[in-house]
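Quick note on labels: first sequence line is chain A, next is B, and so on, each numbered from 1.
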There are 2 protein chains.
Amino acid sequence: MALKQQQPLDPAYLEKLQDYYAEHKVIPSYSVLATLWGISAKSWVAECVRRFEEAGYLDWTPDRQLKPGARFFERRLAHDTVQAGLPNPALADGYDMVTIDDYLIRVPSKTSLVRVKGESMIDAGIHDGDLIVVEQQPNANVGDIVVAIVDNEFTVKYLDREKGGFVLKPANKAFPVIRPKGRLEIFGVMAGLVRRTR
Amino acid sequence: MALKQQQPLDPAYLEKLQDYYAEHKVIPSYSVLATLWGISAKSWVAECVRRFEEAGYLDWTPDRQLKPGARFFERRLAHDTVQAGLPNPALADGYDMVTIDDYLIRVPSKTSLVRVKGESMIDAGIHDGDLIVVEQQPNANVGDIVVAIVDNEFTVKYLDREKGGFVLKPANKAFPVIRPKGRLEIFGVMAGLVRRTR
DNA sequence: TAAGCTACCGAACGATCGTTCTGGTGTCAA
DNA sequence: TTGACACCAGAACGATCGTTCGGTAGCTTA
């Protein structure tokens with residue numbers, strides 16, 4: 001027996017909830033949701049919540065408290081071609097959904113973030129203040145951008161090899177190549193980059 | 001009159017709550033908190049919550065629901081120098097974030113992602129294939145990096161003004177300045193950048 | 001050794017929670 | 001014309017919520 005196709009809910013409901021969550025970091029109660037959505041019956045709120053839950057946007061804690069679901073943090077990824085008159089971006093067509101965290105992080109337990117200091121990697125498009133997504137591992141390949149520990153500080157550089165051993169090369173001619181005296185301590189390999197510009 | 005100095009609370013309480021929040025993205029109720037903290041009296045939970053609230057770790061929504069406070073996501077040891085042994089690569093901000101998503105997105109309903117095509121903004125550290133975090137809005141200021149719609153395609157450029165009107169300037173001398181014939185249609189303003197390198 | 005804290009327990013209570021059920025309205029196809 | 005269905009209102013209800021208040025055990029201070 002085929003499952004009955006559920007009518008899609010008003011996307012504005014989800015958006016309002018996401019905005020509320022972004023502000024308060026909490027999912028509100030049914031009565032607050034009713035106000036938020038302009039609905040005056042808790043029973044209908046319950047039904048809407050049920051559908052969002054079914055669609056994966058909401059979930060429950062073991063203690064039966066409402067919480068964000070797996071798809072709650074999805075973002076619209078606009079295609080690079082735009083339809084003819086498309087003033088209203090609410091149209092579902094022309095968008096894929098992506099969650100930024102899933103996009104960048106493959107192994108959460110081995111992934112961390114390091115803030116970039118200085119302009120030594122500017123030719124690789126890595127600016128001062130950017131966050132580097134690092135997959136922690138003790139070794140890397142020549143050509144990888146690695147986060148190494150030099151003089152008790154994190155440093156982001158290209159990994160390269162000279163006859164003397166491994167070296168760290170900046171992507172900026174104004175900076176010198178680093179040739180570590182002892183063993184080169186690698187913290188991890190760069191897997192991504194995050195920059196906030198506003 | 002000097003304010004009475006409050007006894008510091010057990011830091012383990014806050015840690016347990018932060019762990020719970022990291023898992024469920026929600027602040028639990030008093031009875032769940034009691035279980036979480038190994039306390040059997042809700043009245044005492046209420047007192048602890050009151051002190052966390054006083055210290056800025058917890059807060060209330062306008063609807064009197066408990067939510068994370070301003071200091072909830074703070075890091076204990078936030079500096080980019082590395083301790084002996086393997087470090088916890090904290091953010092130098094003094095604040096940690098729950099998710100990368102949270103770091104980049106302020107208004108989810110008005111935010112979407114656009115993939116960059118080409119090298120026209122390479123001098124701004126924006127590479128081919130990067131994802132631009134866009135806050136959708138119909139106008140912008142000179143100097144902003146904007147996502148505009150030109151010939152039914154998204155294009156990322158600096159917004160500038162010439163005597164003829166607004167123009168779009170690339171960050172790469174090999175590319176021409178775009179002078180739109182009619183009205184310049186702005187999709188939104190760049191608020192961040194995401195790059196995957198692996 | 002009594003008084004005065006702090007840390008906690010436990011019962012009681014009114015408010016609010018989410019659920020359930022009954023019912024109304026608008027739309028569309030048969 | 002009549003269902004069928006989606007959308008929504010409202011009342012009723014037991015469960016759970018957070019608050020209040022009284023009480024206890026242990027440690028200080030005087």
statement: For A/Asn172, the side-chain hydrogen bond (donor to acceptor under 3.5 Å, both in side chains) test, sequence neighbours excluded, returns none

query: In whole angstrom, what separates A/Arg50's CZ from D/dC8's P?
result: 15 Å

Whole angstrom value for the distance that separates P of D/dC8 from CH2 of A/Trp44: 6 Å

- prompt: Excluding sequence neighbours, so at least two apart, what forms side-chain hydrogen bond (donor to acceptor under 3.5 Å, both in side chains) with A/Ser40?
  reply: none

query: What residues in residues 58-70 of chain A put a non-hydrogen atom under 4.0 Å from any atom of DNA chain D?
result: none

- prompt: Taking only residues two or more places apart in sequence, or in another chain, which ones meet A/Asp59 in a salt bridge (Lys or Arg N to Asp or Glu O under 4.0 Å)?
  reply: none

query: To the side chain of B/Arg51, which of C/dA7, D/dC7, D/dT20 is closest?
result: C/dA7

Under 3.5 Å, side-chain donor or acceptor atoms of residues 63-70 of chain B against the rest of the protein: list the pairs with distances, not counting sequence neighbours.
{"unit_1": "B/Asp63", "atom_1": "OD2", "unit_2": "A/Tyr20", "atom_2": "OH", "d": "3.3"}
{"unit_1": "B/Gln65", "atom_1": "NE2", "unit_2": "A/Ile27", "atom_2": "O", "d": "3.0"}
{"unit_1": "B/Lys67", "atom_1": "NZ", "unit_2": "A/His24", "atom_2": "ND1", "d": "3.1"}

task: Could you tell me which residues satisfy side-chain hydrogen bond (donor to acceptor under 3.5 Å, both in side chains) with A/Arg179, sequence neighbours excluded, listed by chain and number?
output: A/Glu162

message: For a quick check, tell me whether the side chain of A/Ser43 and the base of D/dG10 share a donor-acceptor pair closer than 3.5 Å.
response: yes

- prompt: For residues 26-42 of chain B, which residues have at least one heavy atom under 4.0 Å from DNA chain D?
  reply: B/Ser29, B/Tyr30, B/Ser31, B/Lys42

message: For A/Glu23, give me all partners under side-chain contact (heavy atoms from CB on, under 4.5 Å), at least two apart in sequence or on another chain.
response: none

query: How are the rings of A/Trp37 and A/Tyr13 set relative to one another: parallel (under 30°), tilted (30 to 60°) or perpendicular (over 60°)?
result: parallel

query: Excluding sequence neighbours, so at least two apart, what forms side-chain hydrogen bond (donor to acceptor under 3.5 Å, both in side chains) with A/Ser120?
result: A/Lys157

